[in-house]
Novice: 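Got a structure here, written out as structure tokens. Questions coming.
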Protein chains: 2
Amino acid sequence: MKQPNTKQLILSTALDLFSKHGYAGASIRHIARSIGIRESAIYNHYKSKEEIFSAILSEFKAVTISEKILSDDLIEDLVNPEKFLKRFVIKLISQWSSATERKFIRLLLMEQFTKIGSTELSVSGYLIELRSICKMIFSEMSKHNIIKKVDPEILANQFTAPLFLIRTEYMTNDDVKEINKVYDLANKHVEFFWNAVKL
Amino acid sequence: MKQPNTKQLILSTALDLFSKHGYAGASIRHIARSIGIRESAIYNHYKSKEEIFSAILSEFKAVTISEKILSDDLIEDLVNPEKFLKRFVIKLISQWSSATERKFIRLLLMEQFTKIGSTELSVSGYLIELRSICKMIFSEMSKHNIIKKVDPEILANQFTAPLFLIRTEYMTNDDVKEINKVYDLANKHVEFFWNAVKL
DNA sequence: ATTCATAATGAACGCTCGTTAATATATGCA
DNA sequence: TGCATATATTAACGAGCGTTCATTATGAAT
């Protein structure tokens, strides 16, 4: 193999251009020229534009939030729930801040309604794991009488929704200058939420 | 004039197709064939595809949420804040449920990152008026010692965010079968929120 | 050094795109 | 009735699209 990185280069370049111009708006030629090869060379690695799109999606489905966020030292903080929630959110946001993740959510928001082949792409699908983790956390807290007795599912929704809006509003473009505002908003959200549920 | 409705037909058809396939994905020919005319006929009414897009946006900027939602009988409910909030949300959601509004938010989510001509299209811009109305409401409630003393801007964010997520998740596709779930989620949200802020 | 799979190239295909021009038709008014 | 205007049609343009194919360059294994 001459350049074994070409296949991966196609994927990252395609994600970049798809997230900027949409699936229909970014052409195979754009992707190829952006890498520095001819469009026909791409077909040595992927058999169609659609396959590139699917490959991007597979790459993201492979890694779960749990592995990214729920580290052991974080779990230990569960004895101090407010501190735990704050650290959890900080970890989540710093995870969301990565260039690749930002591009992916952009692509998700843009193409959630467009059927591309047989691929499913939905906000619900994207949030489902985060919500179930939160539900689990609040369920435990409730069981140990740390928080009020409210349906954990409702708590998970209430905790997740403002974070998602913050993400949608401030974490989808390229400049990171607003990252302080993001942490500020997220922190205020945790404080409001904690005051609402603590016993 | 033969068919004075053609110009408006182009607009509504374009909104429909743009919201289904995106701006780049819906062609002038699609729009024309969908109306039942040839593509060149469109140029008797709009001078470019971009102008059609701008016209759609102008039509939506023209009407404000205040006029749609804040009726007099609703204002009278302010003496019973929880009832007021519940009715406010119901009115908001039934407003959001209209086919045109659903198509518009879809278009907004799809094209918020794509520069189309000089048009600005952002979630923040879409939410700014709703948020400022909520901020005003909570500011008044706080002044009259109906709710806890919390920064009205934070309250507006906390009140708005879950509603927006509900809208994004359940109110963007064509089937209305999930509308009961929407009202249920919204109602639970108001209850959680009210318990968090009431004195 | 030759072989051979891999990966690059350039040219071409059939198609759709946004847009324009020339032309035809129908309507409203003098 | 006839003329001006608005609105439609048909045809074509240059360009870009996804994709294919024959060909050439590359680099590792024999």
Side-chain angles (χ1 to χ4, degrees), chain A residues 1-59 107 110-111 113-119 121, chain B residues 1-59 107 110-111 113-119 121:
Chain A
M1 281 177 249
K2 209 167 37 173
Q3 280 106 292
N5 46 334
T6 301
K7 185 157 190 167
Q8 191 58 36
L9 241 177
I10 293 171
L11 237 49
S12 60
T13 309
L15 173 60
D16 188 64
L17 293 177
F18 285 162
S19 76
K20 274 181 183 135
H21 312 109
Y23 179 79
S27 71
I28 294 282
R29 278 174 179 82
H30 281 144
I31 298 167
R33 299 281 152 79
S34 181
I35 298 172
I37 57 175
R38 296 296 97 86
E39 63 268 22
S40 51
I42 288 190
Y43 291 84
N44 285 321
H45 304 278
Y46 299 95
K47 75 177 204 295
S48 68
K49 190 184 184 184
E50 210 176 296
E51 201 186 70
I52 298 175
F53 185 76
S54 310
I56 292 174
L57 264 54
S58 309
E59 213 179 33
L107 183 58
M110 291 172 104
E111 303 297 340
F113 311 114
T114 325
K115 273 263 158 292
I116 297 168
S118 58
T119 23
L121 205 47
Chain B
M1 278 177 250
K2 207 168 35 172
Q3 281 106 290
N5 46 335
T6 301
K7 186 156 188 167
Q8 191 59 36
L9 242 177
I10 293 171
L11 236 49
S12 60
T13 309
L15 173 59
D16 188 63
L17 293 177
F18 285 163
S19 77
K20 274 181 183 133
H21 312 109
Y23 179 80
S27 71
I28 294 283
R29 278 174 179 83
H30 282 144
I31 298 166
R33 300 281 152 80
S34 182
I35 297 172
I37 56 177
R38 296 297 98 84
E39 63 267 22
S40 52
I42 287 189
Y43 290 86
N44 285 321
H45 304 277
Y46 299 96
K47 73 178 210 293
S48 68
K49 190 184 184 184
E50 208 176 299
E51 202 187 68
I52 298 175
F53 185 76
S54 310
I56 292 174
L57 263 55
S58 309
E59 215 179 31
L107 184 56
M110 290 171 104
E111 303 297 341
F113 310 115
T114 324
K115 272 264 159 291
I116 297 168
S118 59
T119 22
L121 205 47

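Keep in mind it's a predicted model, so treat the numbers as computed, not measured. Order of the sequence lines fixes the chain letters, A, B, ..., with proteins taken first and strands second; residue numbering starts at 1 for each chain. Below, each value reflects all heavy atoms present in this structure, side chains not excepted, and no hydrogens, waters or symmetry copies.
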Novice: From the set C/dA7, D/dT19, C/dT19, return the single nucleotide nearest to any side-chain atom of A/His45.
Specialist: C/dA7

Novice: For A/Tyr43 and C/dG10, what is the distance between atoms OH and P respectively, to the nearest whole Å?
Specialist: 17 Å

Novice: A side-chain contact here means heavy atoms from C-beta on lying under 4.5 Å apart; do B/Arg33 and B/Glu39 qualify?
Specialist: yes

Novice: Which atom pair, heavy atoms only, marks the closest approach of B/Lys20 to B/Asp16?
Specialist: NZ-OD2, 3.0 Å

Novice: Roughly, in whole Å, what's the span from NE2 in B/His21 to P in C/dC17?
Specialist: 11 Å

Novice: Tell me the interatomic distance from A/Tyr46, atom OH, to D/dG18, atom P, rounded to whole angstroms.
Specialist: 16 Å

Novice: If you define the side chain from C-beta out and look only at heavy atoms, does anything of A/His30 sit under 4.5 Å from A/Phe18?
Specialist: no

Novice: Nearest of D/dA8, D/dT19, C/dG18 to any side-chain atom of B/Ile28?
Specialist: C/dG18

Novice: Base, sugar-phosphate or nothing for B/Arg38? Non-hydrogen atoms, less than 4.0 Å.
Specialist: base

Novice: Between the base of D/dG16 and the side chain of A/Arg29, is there a donor and acceptor pair under 3.5 angstrom?
Specialist: no

Novice: Calculate the interatomic distance between B/Ile42 atom CD1 and C/dC17 atom C1'; express it in whole Å.
Specialist: 13 Å

Novice: Examine the side chains of A/Glu51 and A/Ser54 and answer whether a donor and an acceptor come within less than 3.5 Å of each other.
Specialist: no

Novice: From NZ of A/Lys49 over to P of D/dT20, roughly how many Å is that when rounded to an integer?
Specialist: 15 Å

Novice: With a 3.5 Å cut-off and just heavy-atom distances, do the side chain of B/Ser40 and the base of D/dT10 make a donor-acceptor pair?
Specialist: yes

Novice: Could you check whether the rings of A/Phe53 and A/Tyr23 sit parallel, tilted or perpendicular, using 30° and 60° as the cut-offs?
Specialist: perpendicular

Novice: Rounded off to whole Å, could you give me the CG-to-P distance for the A/Asn5 and C/dT6 pair?
Specialist: 17 Å

Novice: Rounded to whole angstroms, how far apart are CD on B/Gln8 and C1' on D/dT7?
Specialist: 17 Å

Novice: Could you tell me how far apart A/Arg33 (CZ) and D/dG18 (P) are, to the nearest whole angstrom?
Specialist: 11 Å

Novice: I want to confirm an ordering. Mapping A/Lys47 and A/His30 to their closest nucleotides on DNA chain D, which one lands closer to the 5' end?
Specialist: A/His30

Novice: NA contact type, B/Ser27, heavy-atom cut-off 4.0 Å: base, sugar-phosphate, or nothing?
Specialist: sugar-phosphate

Novice: Assign each of A/Ile37 and B/Ala26 to its nearest nucleotide of DNA chain C by heavy atoms, then name whichever residue's nucleotide is nearer the 5' end.
Specialist: A/Ile37

Novice: Quick check: any donor-acceptor pair below 3.5 Å linking the side-chain of B/Asn44 to the base of D/dA6?
Specialist: no

